[in-house]
Q: 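First the structure, which I've put down as structure tokens, then a few questions once you've had a look.
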There are 2 protein chains.
Amino acid sequence: MNSKPLRSQTASDSAGGNATVRRRATINDIARLAGVSKKTVSRVINRSPFVKVETRDKVNAIIKELGYRPDPQARGLAFRRSFLIGMIYDNPNPQYVVNVQQGILDAVRDSGLELVVHPCNRADPGFLDQVQTFVEQLKLFGVVLTPSVSEDDELVAMLRDLDCPYVRVASVSLDEAERMIVTHDAAGAAEAARHLADLGHRHVAFISGLPSFRSSHERRRGFAEGLEECGLSLEDRYVVEGAYTYDSGVACARQLLAMDTPPTAIFTGNDEMAAGVYTAARDAGVSIPGDLSVIGYDDSPMAARLWPPLTSVRLPIRDMGRFAAEKLIELASAEGNRSASQPDVRPGLAVRESTAGPR
Amino acid sequence: MNSKPLRSQTASDSAGGNATVRRRATINDIARLAGVSKKTVSRVINRSPFVKVETRDKVNAIIKELGYRPDPQARGLAFRRSFLIGMIYDNPNPQYVVNVQQGILDAVRDSGLELVVHPCNRADPGFLDQVQTFVEQLKLFGVVLTPSVSEDDELVAMLRDLDCPYVRVASVSLDEAERMIVTHDAAGAAEAARHLADLGHRHVAFISGLPSFRSSHERRRGFAEGLEECGLSLEDRYVVEGAYTYDSGVACARQLLAMDTPPTAIFTGNDEMAAGVYTAARDAGVSIPGDLSVIGYDDSPMAARLWPPLTSVRLPIRDMGRFAAEKLIELASAEGNRSASQPDVRPGLAVRESTAGPR
DNA sequence: CTGAAAGCGCTTACAG
DNA sequence: CTGAAAGCGCTTACAG
């Protein structure tokens, strides 16, 4: 990267509304106008309790008047950390990614924190090194991890070593409560199981996601437990391993539908694979939900676009992002006063038209 | 935000691989070990040509040995800008957003630049102020704008005032070539028109997107021109205004299918609305492509999941993000030597099974 | 409760 | 081609 000539710091009258000035105010301007030292201004900025009320009010008045905002870069350099939150993810679902991003931004609004995104690939040999560079170079305020990187113990050990605050979003608790947003996938899958059992299904199948994702196991476990609650069981022959992709859904469903006693209902690890089940069913002349009930997971927008509209387990993804960032801020603030807020993320079943009683 | 105690800067042996040290090397360490001033190290970092080759090599050797990487925060403070690229967007399509993000990251790999995301809403009265704060506080290296914010002249005027480099992705050229990635939407729509004309359609309709998006007009214009090339015309009665949403697609298609002489083909401004056309067609007992051909725009993953698979105009979205970031880097480097690279973004038609000749 | 000095890790402006 | 000084806009550590 090459050096770049200094840019003029002018701002036009038209753009910024009113109080735009030639140069942005600095802590020195505030200190001079308030008749105090810059250290005192610094104390006000950082909400130190050791400032006389009148002093604080006077400084705040000047700050407001000039529209002063401390320079995060300078603050960061002195603090030895930045005001950037990193989102580290490898989830292939764009809807999921964008919603978590939105949720994080919901949480940091007006806090001066910003969001830096870091997609990655655990299979890449440089994976850990790249994350380390990312975290160290940016001196991140903290990071939010989503599945499946949130399940990577090596990664988490590294973050601890780097002293980088983190919060993990995962299907099951893997860490201290103040570092976890648990999505209770087993509970969501159990709901799907009960729904099918209530409809009278006896032969139900499960298409799992990639085994490297914890959610695959949790969803299977919850589904099996939900069935057992209702006096049914998830038979091994009715469990097929997919890969969270449309194509794997097609292949797994073909396999299930070709059985001597094919299942009358299929629960899939996500909506993408459910879409694959639709295709396989159509090809096999199997009607949904007449011959086959289908339930997906994620309740992506696609679920409602399929025909018939897909019953699916819904997750409040944007809220999950917000909760994660809120926890991260608590963690990094390190006030000692861990707030009691333990926001609960509970999956629910969005029942549509892809499920009905068996023939 | 409250002040935070200094974190210890230790790094374990296990995490960072080999050369992890207690404290990261600084420019002073390099200068001392190389026996030069820190200014000279700075020159090497910034690729100044005014360094003797031997000096440069010696400094680079030490930099490599210690794994030294200049602190972007400190550099930024001195440079009066950061090494962060902002992506400002209001596109509601997550697939689009994630792909552009990926493309930007493709371009900045190993450059030391990082990506900060800023979703926004032009209808929000605080829209411009928020973007200004974002750009000023972060002293952004530059920003990438996607539709529809890329079409906002007030926003662009503000960025110029702030002296913030920007590149705009839009359906038609709106700025100097070095600031534009043009997606040629009219050309894409014309391809759709030709495809339908070739199949023998005479009564073809268009469902437009939101009129506040330039793409809506470009796609309509290109579609009309494409038809005219083939001796057809886009009749006003066959043009309906949608809103780029699934629901608007359903409503507009109902309207078209209820006409005395309904169209035998519908081209929609995006795939979401095409999905809505599918639903309306099914409700009306109209079969696709037997009774009605449908073409979407975007070629989103959903296009291939619909039944029948949707013919759609494809855009290389990830490449667009990459090209945009590459142009931004050229722009911000301001070397004067605008490279001749004028990467071309050309839409193409992905023909699937939703189009056929009319009955 | 408040401040003067030194420092965070770089760069610019000026000399040589 | 190279360097000593001053500065970017903040904070820490130390006094008072």
Q: Would you name the heavy atoms of A:Ala107 and A:Ile329 that are closest together and state the gap between them?
A: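 Shortest heavy-atom separation between A:Ala107 and A:Ile329 comes out as O-CD1, 4.2 Å.
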Q: For A:Arg69 versus A:Arg24, what's the shortest heavy-atom pair and its separation?
A: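 The pair with the smallest heavy-atom distance is CD-NH2, 4.1 Å.
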Q: Round to a whole Å and report the spacing from CZ of A:Phe50 to P of C:dT2.
A: 12 Å
Q: Taking all non-hydrogen atoms of both residues into account, name the closest pair between A:Val167 and A:Ala324 and its distance.
A: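 Closest pair (atom of A:Val167, atom of A:Ala324, distance): CG2-O, 3.7 Å.
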Q: Do A:Arg160 and A:Tyr166 meet the criterion of a side-chain donor-acceptor pair at a distance under 3.5 Å?
A: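 Side chains of A:Arg160 and A:Tyr166: pair found under 3.5 Å.
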Q: Can you tell me if A:Asn91 and A:Thr146 form a side-chain donor-acceptor pair at under 3.5 Å?
A: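 Not at all, the side chains of A:Asn91 and A:Thr146 share no donor-acceptor pair under 3.5 Å.
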Q: Starting at CG of B:Asp57 and ending at C1' of D:dC1, how long is that distance when rounded to a whole Å?
A: 15 Å
Q: Please list each protein N or O that sits under 3.5 Å from an N or O in nucleotides 6-10 of chain D, with the distance.
A:
residue: D:dG9; atom: N2; partner: A:Ala74; partner atom: O; Å: 3.4
residue: D:dC10; atom: OP1; partner: A:Tyr68; partner atom: OH; Å: 2.9
residue: D:dC10; atom: OP1; partner: A:Asp71; partner atom: N; Å: 3.1
residue: D:dC10; atom: OP2; partner: A:Ile27; partner atom: N; Å: 2.7
residue: D:dC10; atom: OP2; partner: A:Tyr68; partner atom: OH; Å: 3.3
residue: D:dC10; atom: O5'; partner: A:Tyr68; partner atom: OH; Å: 3.2
residue: D:dC10; atom: N4; partner: A:Lys38; partner atom: NZ; Å: 2.7

Q: Can you tell me if B:Thr40 touches the phosphate of D:dC1, counting only side-chain N or O atoms and a distance under 4.0 Å to OP1 or OP2?
A: no
Q: What is the distance from CZ of A:Arg56 to P of C:dC1, rounded to the nearest Å?
A: 10 Å
Q: Does a donor on one side chain sit under 3.5 Å from an acceptor on the other, for A:Gln73 and B:Gln137?
A: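 No - no donor-acceptor pair under 3.5 Å links their side chains.
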Q: Using purine N1 to pyrimidine N3 plus N6-O4 or O6-N4 for Watson-Crick, or N1-O2 and O6-N3 for G-U wobble, both under 3.5 Å, which nucleotide pairs with D:dC1?
A: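 Its partner is C:dG16.
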Q: Indicate, with a heavy-atom threshold strictly under 4.0 Å, whether A:Lys39 touches base, sugar-phosphate, or nothing.
A: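 It contacts base atoms.
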